Each structure stands twice: as structure tokens, then as C-alpha cells.
*Asks:* 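Encoded as C-alpha cells, here's the structure I'll be asking about.
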Amino acid sequence: MPRNGRRKRSLSSGEGSLVSYYSKHRCIDKEHSPVSDTRHYKRGSSTVRSRERRHNRHLSRNRSRSTRRSDRRLKRQKYRNVPSEVSTKTTCEDDPSRGFSSVMDDEDGHLIYHQGDLLHSRYEIGTLLGEGTFGKVLDCHDRKTNTYVAVKVIKNVEKYREAAKLEIKVLEKIQQRDRNGRSLCVVLLDWFNHHGHMCLVFEKMGLSVFDFMKDNNYEPYPLEQVRHISHQLVVAVKFLHEMKMSHTDLKPENMLFVNSDCNVTYNARMVCI
């Protein structure tokens, strides 16, 4: 049987297969190429040159496709790696009615806020109670319970977020063990994530032992008050040790009064002569 008959069967055997696809294109090229004419058919240099031309066209097409792909890839990388013109981090709320139309951080990762802003659609920001390397403590009004609370807003930094998560686990474990509040440890009321800032909601307390003494020109506490403060501190530390926990940062700055009310008394040593 002639060779062209076998070629026809390969075409009709299934155009979806890889063999029939290439056979079909070889037949089309041969029908439309000059060497398909039997009067000029030669098995010499003309056939080799036509094959080389087809091969070169195929390579050029592949080269142009790869060039276009690489150009698109470089363009995507260029736009992806464009540096931000603003040094602050900005994110937007899905719902502007929740209290923030936009949230911004400063260069250190602290939350930039304004008085009257809402956190978690519930806590209205008032004044600043304190600030440290971890973040800021804000005096907030809880609209749900109509009370004032202290919200600890952690920096938008990964290591501080992870530390805050550990603190939340410890405080929740303390609350599970101390249902009656006899441990004298601070009570965690709520917590949430606000655009990368871990926020811990505590009951509002008074000044710390250090700040109270600072506001009174570092006047030392009376001995009776020192005994009372020391006794409460020992009770709290004993409770933590019974839970196999240890407080690694005990200092007057971390010891809070329930409130900062005090009686004003006359001290003759403070009178200027």
C-alpha cells in the first residue's frame, strides 16, 4: 500500500491525539510547499532548506512567546515590589460605621487614634493612661455596660502580638482558677484583634504604687500601708506559685491600687522655710 494511504489513516484515526496533530500539519505543509509538486520534488538541499526555515520559524515563535511571558513577569514583579510612599501602615474597615474609616500606625507600630474613636464597635477611646514598649493603655468607655475600662493596645509588631497571646492564655487560666477574685490579680474582661493590634480589656484600676508616690513628690508610704501592700503582694504571688506560675517582672510600676483616693494630711517636713 502506498505511503500516502498510511498517512491518511493516521489523520482519520483521531485528531485529538498527538500523533495525528503533527501528521496533519506535516501534510498541510507538504501540500502548500513547493516541494510537494512532483515535477520539482528533490530529496536534496531544497528539502533540507525548507525544513530549516520551518524550524527557524518555530524557534522564533517560541522565542517571542517566552519573551512576552518574561516581560509580563517582570512587570508584575515591578508593581509588586514598588515601595510605599508613606511610612505608616494603613488599612480600611469594611464598614465605616464601625467607628474607623481608616487605621494608621506610627513608625514604631503604635496605633494612631483620636479621642472618641471606637474600638471593636464598643469601646470609645478617652484619655491615655500609660505607655510602654509593648503599646499603650487607654481609658475607654464601654458602651455595652456603660462603664469605664482600661484597654491595653499592643503594638502592631509580630513579637508583641505573640507575647500578648501568651498573656491572654495566662490571664484566662487565672480566671478559671480564681472565680471569687481572691487572688488579687487583675481581671481580663475581653480581648480582640484590631487591625493587627491585640487589645486586652481590663477593669479600670487606680495609679500604680510608683506613680502614686511620684505624684506625691516621692514621699515615702507610712509603715502601716507598706505592711498592707506587702501582704497583698505575697497573697497574689503565692496564688501564682500554686498554679506553677512565676511573675518575672515584679516592681512598683506593675502594682496597682484599686483606686487612687487618698486623705490629705499635713506634713511639717514638707513646709518650706
Side-chain angles (χ1 to χ4, degrees), residues 110-111 113-120 122-154 164 167-168 170-192 197-241 243 245 247-270:
H110 286 289
L111 174 68
Y113 65 91
H114 302 282
Q115 189 172 2
D117 291 341
L118 284 181
L119 297 174
H120 204 51
R122 175 176 175 178
Y123 304 101
E124 183 179 353
I125 298 177
T127 59
L128 177 68
L129 295 177
E131 181 176 351
T133 56
F134 60 89
K136 299 180 180 180
V137 179
L138 305 177
D139 181 15
C140 297
H141 176 247
D142 186 354
R143 290 186 170 185
K144 185 176 181 180
T145 60
N146 196 24
T147 57
Y148 285 91
V149 294
V151 180
K152 185 177 180 180
V153 183
I154 307 298
E167 183 179 356
I168 291 170
V170 171
L171 292 171
E172 288 180 340
K173 188 175 180 180
I174 291 174
Q175 286 182 244
Q176 291 174 1
R177 181 77 174 268
D178 182 29
R179 299 290 184 180
N180 299 322
R182 296 179 180 178
S183 67
L184 303 179
C185 296
V186 68
V187 177
L188 179 67
L189 302 175
D190 189 15
W191 66 271
F192 54 90
H197 297 271
M198 297 299 297
C199 299
L200 286 69
V201 183
F202 298 96
E203 55 182 342
K204 187 179 178 181
M205 309 292 287
L207 294 174
S208 68
V209 173
F210 175 79
D211 289 333
F212 188 91
M213 188 168 60
K214 180 181 178 181
D215 288 351
N216 287 275
N217 297 320
Y218 296 98
E219 179 70 15
Y221 292 100
L223 185 59
E224 184 62 28
Q225 292 184 5
V226 173
R227 288 197 188 100
H228 189 57
I229 294 171
S230 301
H231 177 266
Q232 292 185 342
L233 179 62
V234 171
V235 170
V237 172
K238 181 177 181 294
F239 174 82
L240 294 177
H241 288 183
M243 295 183 63
M245 295 182 181
H247 197 301
T248 59
D249 196 19
L250 282 175
K251 57 184 179 181
E253 290 87 341
N254 291 336
M255 300 163 58
L256 304 178
F257 290 113
V258 174
N259 58 65
S260 302
D261 297 339
C262 60
N263 296 324
V264 180
T265 58
Y266 175 75
N267 188 345
R269 292 179 299 173
M270 299 297 293

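All values below come from the heavy atoms of this structure, side chains included, with hydrogens, waters and symmetry mates left out. The model shown is predicted, which means the values in this text are computed figures rather than measured ones.
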*Asks:* When you measure from the centre of the six-membered ring of F134, is the NZ or CZ of K152 closer than 6.0 Å and no more than 45° off the axis?
*Replies:*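 The answer is yes; both the distance and angle limits are met.
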
*Asks:* Determine whether a donor-acceptor pair (N or O, by modelled atom type, separation under 3.5 Å) exists between the side chain of Y221 and the backbone of V209.
*Replies:*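 Yes, the answer is positive, given that a donor and an acceptor are paired below the 3.5 Å cut-off.
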
*Asks:* Determine whether H120 and V201 make a side-chain contact, defined as any pair of heavy atoms from C-beta on separated by less than 4.5 Å.
*Replies:*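 The answer is no, as the side chains (C-beta and beyond) never meet within the 4.5 Å cut-off.
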
*Asks:* Heavy atoms only: give me the nearest I125-H114 pair and the separation to one decimal.
*Replies:*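 That would be CB-O, 4.1 Å.
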
*Asks:* If you apply the rule side chain to side chain contact (heavy atoms under 4.5 Å, CB included), what do you find for L171 with F202, and how did you get there?
*Replies:* CA-CA 11 Å; L171 292 171; F202 298 96; 3.5 Å; yes

*Asks:* Listed by chain and number, what are the ring pair (Phe, Tyr, Trp, His ring centres under 6.0 Å) partners of H241, not counting sequence neighbours?
*Replies:*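 Partners of H241 under the ring pair (Phe, Tyr, Trp, His ring centres under 6.0 Å) test: none.
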
*Asks:* If we only count heavy atoms from C-beta on, is the K204 to D139 side-chain gap below 4.5 Å?
*Replies:*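 Yes. Closest side-chain heavy atoms under 4.5 Å.
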
*Asks:* Going by the side-chain contact (heavy atoms from CB on, under 4.5 Å) test, name the single residue among I174, V170, V237 that passes it with C185.
*Replies:*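 Per the side-chain contact (heavy atoms from CB on, under 4.5 Å) rule, the option paired with C185 is I174, out of I174, V170, V237.
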
*Asks:* Can you confirm whether H247 is buried at NE2, in the sense that more than 12 heavy atoms of other residues, nucleotides or ligands lie under 6.0 Å from that atom?
*Replies:*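 Check passes, neighbour count above 12.
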
*Asks:* Provide the closest heavy-atom pair for P252 versus S208 in the form atom of the first, atom of the second, distance.
*Replies:*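 For P252 and S208, the tightest heavy-atom pair comes out as O-CB, 3.7 Å.
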
*Asks:* Who are the side chain to side chain donor-acceptor pair (under 3.5 Å) partners of K238, not counting sequence neighbours?
*Replies:*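 If we apply the side chain to side chain donor-acceptor pair (under 3.5 Å) test to K238, skipping adjacent residues, the hits are E242.
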
*Asks:* Would you please name every residue forming a side chain to side chain donor-acceptor pair (under 3.5 Å) with Q175, sequence neighbours left out?
*Replies:*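 Q175: no side chain to side chain donor-acceptor pair (under 3.5 Å) contacts found.
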
*Asks:* Answer yes or no: is there a donor N or O on one side and an acceptor on the other, between the side chain of H141 and the main chain of Y148, under 3.5 Å?
*Replies:*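 No, H141 side chain to Y148 backbone: no donor-acceptor pair under 3.5 Å.
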
*Asks:* Within the side chain of D142, is there an N or O that forms a donor-acceptor pair under 3.5 Å with the backbone of K144?
*Replies:*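 Flag set: sc D142 to bb K144 pair under 3.5 Å.
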
*Asks:* Is a side-chain N or O of D249 found less than 3.5 angstrom from the main chain of N254, in a donor-acceptor match?
*Replies:*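 Here the side-chain-to-backbone pair does not exist.
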
*Asks:* Minimum heavy-atom separation for L189 and V149, please, with both atom names.
*Replies:*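 So the two residues come closest at CD1-CG1, 3.9 Å.
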
*Asks:* Can you check whether H197 reaches L119 side chain to side chain, under 4.5 Å on heavy atoms?
*Replies:*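 The answer is no; the side chains never approach within 4.5 Å.
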
